[in-house]
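As the structure is a prediction and not an experimental result, all values here were calculated from the model. Order of the sequence lines sets the chain letters (A, B, ...), proteins ahead of strands, with each chain counted from 1.
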There are 2 protein chains.
Amino acid sequence: MTLNKNTFIGEYSYTIDAKGRINIPSKFRNSLSKDNKSSLVVTRGMDKCVWVYPLIVWKSIEDELRKLSSLSSINRSFIRNTVRHASITKLDKQGRISLNQNLISFSSITKNALIIGMVNKIEIWDPSYLLKIDNNFNDIDSTQFDELSDKIIL
Amino acid sequence: MTLNKNTFIGEYSYTIDAKGRINIPSKFRNSLSKDNKSSLVVTRGMDKCVWVYPLIVWKSIEDELRKLSSLSSINRSFIRNTVRHASITKLDKQGRISLNQNLISFSSITKNALIIGMVNKIEIWDPSYLLKIDNNFNDIDSTQFDELSDKIIL
DNA sequence: GAATATTACCCACAATTACCCACAATATAT
DNA sequence: ATATATTGTGGGTAATTGTGGGTAATATTC
């Protein structure tokens, strides 16, 4: 038995090389459904990290965006900022993708990078930057988790 | 008659070897439902121990996480910190799982380890560390148990 | 057009992980 | 009690994976 297709969990440490290439963990590669044809969509995350979607998952996000009317300016902004930094890429024969300079500098990645499974997508972080976010996490007011506990049972 | 499937009770003492492998008690293995196909998910516990879930149980947690929108930053943090240390693993032919270095050092396990059934999941502890926690348990104000008594009948 | 930079494709190798077998200790059955 | 099966622990070998670099193809600039 395995996880569902296009499902990612766990954390992995990799390096980005001089050509901007970074490995996708083999467990994540094996998790990709065949209809993706090893195509991924990379874009800016909501945090200062890179988001990586299997193509088939990204397409469903596009479908959601189609539903938003462009009559509303907030909708236009949201669509624009969601899509403008996205690009489609393929795994090379060694299982890597290459990130463009825009995404690399946005996420402040220099050499080392953490790749984290986020269930339906993948995040790529600069390790020291993520550490700061972690500290914030510990500072989160517990009332915020109380709200969550109404939505999720662990 | 036996316990329900994927139900674990009791305590067992094992050793972790140089490759990070540790035995799962045969009683626990026999308790696993067949749909797991001997797959388990290991992750950090809320205490300084390792949590082990039958895959089928973990999947239901994942389904809950999928419902949380990534537009909310608290949701992103929650998902990240819940799944980043999780990984799927299988029992080897001898009935062991291997723990990665991250989990081993998190739980301070060196050689000996206690495996404890927690009904729906399994905990793996460093024996001396658990001893400290036990002492704290004895210090708990009995009023805290009074609160629990409203929720559970023993 | 040529010259340069960028991207894609190929191979190589070290390090890690998965898979296999062996054997001693314990438990179960006859 | 003895024999048989199961269980816990260790180690060796083969396959996979992560990382780097070289070369060819494509795109971009002058």
Side-chain angles (χ1 to χ4, degrees), chain A residues 1-3 8-32 37-42 50 52 55 86-105 109-117 122 124-127, chain B residues 2 8 10-32 37-42 50 52 55 85-105 109-117 122 124-127:
Chain A
M1 193 182 185
T2 55
L3 289 178
F8 314 101
I9 63 172
E11 176 179 292
Y12 301 86
S13 177
Y14 290 102
T15 57
I16 196 165
D17 70 15
K19 294 179 181 178
R21 298 176 299 189
I22 188 166
N23 216 315
I24 299 297
S26 77
K27 288 199 177 176
F28 288 3
R29 298 196 302 256
N30 294 333
S31 169
L32 290 171
K37 298 260 174 60
S38 53
S39 292
L40 300 168
V41 173
V42 297
V50 176
V52 184
L55 180 53
S87 66
I88 190 168
T89 182
K90 289 190 117 187
L91 290 168
D92 72 11
K93 218 176 177 182
Q94 280 78 255
R96 295 171 291 196
I97 57 173
S98 50
L99 301 179
N100 61 40
Q101 199 49 53
N102 195 314
L103 288 175
I104 293 176
S105 54
I109 295 172
T110 50
K111 177 81 181 168
N112 294 104
L114 284 179
I115 300 192
I116 300 179
I122 300 164
I124 307 178
W125 285 85
D126 176 68
Chain B
T2 55
F8 315 102
E11 175 179 297
Y12 301 86
S13 177
Y14 291 101
T15 58
I16 196 165
D17 71 15
K19 292 181 180 176
R21 297 176 298 191
I22 188 166
N23 216 316
I24 299 297
S26 74
K27 288 199 179 177
F28 288 2
R29 300 198 300 256
N30 294 332
S31 169
L32 289 171
K37 299 259 174 63
S38 53
S39 292
L40 301 168
V41 172
V42 298
V50 176
V52 184
L55 179 53
H85 298 108
S87 67
I88 189 168
T89 182
K90 288 189 119 189
L91 290 170
D92 71 12
K93 222 176 176 182
Q94 282 76 255
R96 295 171 292 194
I97 57 173
S98 52
L99 303 180
N100 61 39
Q101 197 49 52
N102 196 314
L103 288 175
I104 293 177
S105 55
I109 295 173
T110 50
K111 177 81 181 168
N112 294 104
L114 284 178
I115 300 192
I116 301 178
I122 300 165
I124 307 179
W125 286 86
D126 176 69

Check: Do A:K19 side-chain and D:dG22 base share a donor-acceptor contact under 3.5 Å?
Finding: yes
Item checked: Minimum heavy-atom distance between A:P25 and A:Y14, given as atom pair plus value -> CA-OH, 3.3 Å
Item checked: Side chains of A:L103 and A:I124 in contact at under 4.5 Å (non-hydrogen atoms) -> no
Note to self: Using whole Å, what does the distance between atom C1' of nucleotide D:dT7 and atom CZ of B:F28 come to?
What the structure shows: 15 Å
Item checked: Whole angstrom value for the distance that separates C1' of D:dT19 from CG of A:N112 -> 12 Å
Next item on the list: Pick base, sugar-phosphate or nothing for A:K111, based on heavy-atom distances below 4.0 Å to the nucleic acid.
Entry: sugar-phosphate
Notebook entry, point to check: Do A:Q101 and A:I104 touch side chain to side chain, with heavy atoms closer than 4.5 Å?
Noted result: yes
Item checked: Nucleotide nearest A:Q94 when distance is taken to its side chain, options D:dT19, D:dT9, D:dT7 -> D:dT19
Next item on the list: For D:dT16, take OP1 and OP2 only and decide whether either is under 4.0 Å from a side-chain N or O of A:S26.
Entry: no
Check: Can you find a side chain N or O atom of A:R29 that sits less than 4.0 Å from OP1 or OP2 on D:dT16?
Finding: no
Notebook entry, point to check: Per the side chain to side chain contact (heavy atoms under 4.5 Å, CB included) rule, which among A:T89, A:N23, A:V50, A:D92 passes with A:I97?
Noted result: A:T89
Next item on the list: Under 4.0 Å from any heavy atom of chain A: name the first and the last nucleotide of DNA chain C that qualifies, 5' to 3'.
Entry: C:dA8 to C:dC11
Next item on the list: Round to a whole Å and report the spacing from CZ of B:R96 to P of D:dG10.
Entry: 9 Å
Note to self: Classify A:D17 by what it touches in the nucleic acid, base, sugar-phosphate, or nothing, heavy-atom distance under 4.0 Å.
What the structure shows: sugar-phosphate
Notebook entry, point to check: At their closest point, which heavy atom of B:P127 faces which heavy atom of B:L114, and how far apart are they?
Noted result: CA-CD1, 4.1 Å
Notebook entry, point to check: To the nearest Å, how far apart are B:K93 NZ and D:dG8 P?
Noted result: 17 Å
Item checked: Residue-phosphate contact under 4.0 Å: A:T15 side-chain N/O, D:dG20 OP1/OP2 -> yes
Notebook entry, point to check: Starting at OH of A:Y14 and ending at P of D:dG20, how long is that distance when rounded to a whole Å?
Noted result: 13 Å
Checklist line | Under 3.5 Å donor-acceptor pair, B:R21 side-chain atoms to D:dG11 base atoms | finding: yes
Notebook entry, point to check: Separation of B:I124 atom CD1 from D:dG8 atom P, in whole Å?
Noted result: 13 Å
Note to self: When you compare the side chain of A:I122 with that of A:I116, does any pair of heavy atoms fall below 4.5 Å?
What the structure shows: no
Checklist line | Integer-rounded Å distance: D:dG21 P and A:D92 CG | finding: 15 Å
Margin query: Measuring only between side-chain heavy atoms, which start at C-beta, is B:L32 closer than 4.5 Å to B:L40?
Written below: yes
